[in-house]
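Heads up: the structure comes next, in structure tokens.
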Number of protein chains: 2
Amino acid sequence: MQVATIKDVADAAGVSFKTVSRVVNGEKSVGPELRERVEQAIRDLGYKPTLAARQLAGQRSFIIGLIVPRLGISYIARMMIALATATRQAGYHLMTEVLDHDENHLSLSGKVDFSARPDCVMLTPPFSNDPRLVAHFEADGIAVVRIATVIEGHGLPIHVDEEPITVELMRHLIALGHRRIGLIGPPLPVRASEMRVSGYRKAMEEAGLPIDPDLMLRGDFSFASGVNGATAMLALPDRPTAIFATGDEMAAGVLAQAHKLGYRVPDDLAVAGFDDSPVSRMVFPALTTVYQPVQDIAQAAVDAAVHGRLPTAPFAYELRIRGSTSGDRQHCLDPYRF
Amino acid sequence: MQVATIKDVADAAGVSFKTVSRVVNGEKSVGPELRERVEQAIRDLGYKPTLAARQLAGQRSFIIGLIVPRLGISYIARMMIALATATRQAGYHLMTEVLDHDENHLSLSGKVDFSARPDCVMLTPPFSNDPRLVAHFEADGIAVVRIATVIEGHGLPIHVDEEPITVELMRHLIALGHRRIGLIGPPLPVRASEMRVSGYRKAMEEAGLPIDPDLMLRGDFSFASGVNGATAMLALPDRPTAIFATGDEMAAGVLAQAHKLGYRVPDDLAVAGFDDSPVSRMVFPALTTVYQPVQDIAQAAVDAAVHGRLPTAPFAYELRIRGSTSGDRQHCLDPYRF
DNA sequence: TTGTATGCGTTATCAA
DNA sequence: TTGATAACGCATACAA
């Protein structure tokens, strides 16, 4: 015999298969005696309900779709692992689709396959901020969870507020005596991470420091754009003594360029990033950065996907002060946990 | 009306739904005229066959399972993206499960859910080298693809041969004049990456260089183990002038410790890694390393999963010589593509 | 080449 | 509280 079906369980327990179905689905209209017999039979036969049949007969598929960009920064990889774990814990299955970063919603139908009929689709940045994508799914009656977004609109938005922690990070730099602090921000002023820019502004104003447009550049989260940003700013007559890049990969680019030019970090130039990505710990000196509560965010996203419940409390970001600003020469040896 | 079913298409095309089924499955026993009518109707209604129904009625599920470790080094993340892409191109769906690194096969049944009935399961390292895991799945009649393995046994092994490219890397170091070359290897002598160790030995012997046990340490692929290995070797009376770590994260640890101790890289100490991971490009100087043809490997794995076909030609590894051995101070600015 | 009947394993509806 | 029966959307065998 292959795998046990609901009928096998019913026969073994001496009940109708509908009763087994009730037990499996946790319905309480089952007598304690029968319930016990059924549960025993389920254990004995190692019965697991077939997903496809449940999906066909019921209205749920127990599948959650996940759409991620191909050009994955490590933040996405961490999110994928965390979402896979949270999905499983909720008794659901994760089906991952990769979408090219620059593809629009028109090419979507050909790429993303709805034949699995997920109960819900989760969108990571940058897709979580694309209203057209959301509309595309909702037109098919599929709920959409938008992970780490700041914009309103349809779907189930998992809002994040990165401004307070960014202000904290900036205060740290300012407390160290930096007055000219460069910023390498996200690509466009519409992204979720734009709050990292507003946090920068807020802290500068709070400290009574002038905001110099020359010190505010934009990158694309890549190492290369960090290098380029640093190159430009360090060539200024009145160069910054600290640079805050809104992503660790960019910050690593700043650090590398500083090394190449012979600057000592942090004595000549302090560098700070954002994300607490693996690379932030592997460069030398290790990068001061902001820890993203990826697991909490993933948990909230799955909760929204399964129960339609939105998170109530804000997520707990944490400042990680390391050598690239403090001058502490210790390595960060904590194992990187996803 | 919700989503179009096969019957809707049949009605629209004025044929029986079985004919539609034939067209969808690419059977050729359909007249050209009817075929055209059916295809038109499919386009008009935007029909996509429901996965669950195909799975229930047929014998295939069109689902491929993927099991990855939680403690993900970037190699795994890249593999996940590549596998998701290749799976989609093959018309299949990828269902990802995260397994804790140290879990044994006994706890497996509770963690990995078979209710999706995947046609095949793909295992990445380190799971791809666990015979018990393979047996576990095959007992359920599920084919198993073992990605990047060197051991024989059941399932569909996607063999990799990393020895030749490792020899090439070592020759590069030796050609630079290094005679005492340290090795920080994989955890146990049973892993796939053990070929990186044999490549080290082979190249040393080939060059007539002595193999000093003091210069052969083992790590666990983590940054921390690279730091520790470097610390130990650089404290030797006759310290190495070059260190080859069999993973980029470990190599980054070596590099960081070298910086901390004030060694110039590569003048005082050359460092080489393996994987061409993102971090290898973001440290300074950039790490000399070996590019892994992740996309090719992923393609082969999916091919094995879908058609049971094993790759014939070896995979094309590539040496990436960068500043950590050559002294070239240019950054690697290529966008990192998954 | 085309169409019809049957069943896959489960949930939903209704009756007992 | 239980159970019989009909779907769900499709593939498979078999018939036309």
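Reckoned from all heavy atoms, side chains included, excluding hydrogens, waters and symmetry mates. Proteins get letters first, then strands, A, B, ... in listed order; numbering begins at 1 in each.
- The minimum heavy-atom distance between B:Ala52 and A:Leu56, with the atom names listed, is CB-N, 4.4 Å.
- Rounding to whole angstrom units, CZ of residue A:Arg54 and C1' of C:dG9 are separated by 11 Å.
- If you measure from atom NZ of B:Lys7 to atom P of C:dT4, you get 12 Å, rounded to the nearest angstrom.
- At least one side-chain heavy atom of B:Val68 sits under 4.5 Å from a side-chain heavy atom of B:Met80.
- In summary, the side chains of A:Arg43 and A:Gln40 do present a donor paired with an acceptor at a separation below 3.5 Å, with no hydrogens or angles considered.
- Taken residue by residue, residues 18-25 of chain A places heavy atoms nearer than 4.0 Å to DNA chain D at A:Lys18, A:Thr19, A:Arg22.
- Residue A:Gln59 is classed as a sugar-phosphate contact, given heavy-atom separations below 4.0 Å to backbone atoms only.
- C:dT10 atom P lies 17 Å from atom CG of B:Leu51, rounded to whole Å.
- Residues B:Pro314 and B:Asp161 have side chains not in contact (no heavy-atom distance under 4.5 Å, counting atoms from C-beta outward).
- Looking at heavy-atom distances under 4.0 Å, A:Phe62 makes no contact with the nucleic acid at all.
- For DNA chain D, the outermost nucleotides in 5' to 3' order that have an atom under 4.0 Å from a heavy atom of chain A are D:dT1 to D:dG9.
- Going from atom CD1 of A:Ile42 over to atom C1' of C:dT10 covers 13 Å, rounded to whole Å.
- Between B:Glu27 atom CD and C:dT1 atom P the separation is 11 Å, expressed in whole Å.
- Rounded to an integer number of Å, the gap from CG of A:Leu56 to C1' of C:dG7 is 12 Å.
- Remark: B:Lys18 NZ is packed, more than 12 non-hydrogen atoms of other residues, nucleotides or ligands lying under 6.0 Å away.
- Between A:Thr50 and C:dG9, a side-chain N or O to OP1/OP2 separation shorter than 4.0 Å is absent.
- Looking at B:Arg117 and A:Leu51, their side chains never come closer than 4.5 Å, going by heavy atoms from C-beta outward.
- Two residues, A:Lys28 and A:Phe17, neighbour DNA chain D, and the one matched to the more 5' nucleotide by heavy-atom proximity is A:Lys28.
- Contact of the B:Ile6 side chain with the B:Tyr47 side chain is registered, since non-hydrogen atoms from C-beta on lie closer than 4.5 Å.
- Environment of CD in B:Glu27: crowded, with over 12 heavy atoms of neighbouring residues, nucleotides or ligands closer than 6.0 Å.
- Taking a pair as Watson-Crick or G-U with both hydrogen-bonding distances under 3.5 Å, the stems of three or more pairs touching DNA chain D are C:1-16 with D:1-16.
- For the side chain to side chain contact (heavy atoms under 4.5 Å, CB included) test with B:Leu123, the passing option among B:Ile158, B:Leu99, B:Ile147, B:Val144 is B:Val144; the others fail.
- A salt bridge does not link A:Asp119 to A:Arg60: none of the charged side-chain nitrogens sits closer than 4.0 Å to a carboxylate oxygen.
- The shortest side-chain heavy-atom distance between A:Arg54 and A:Phe62 falls under the 4.5 Å cut-off.
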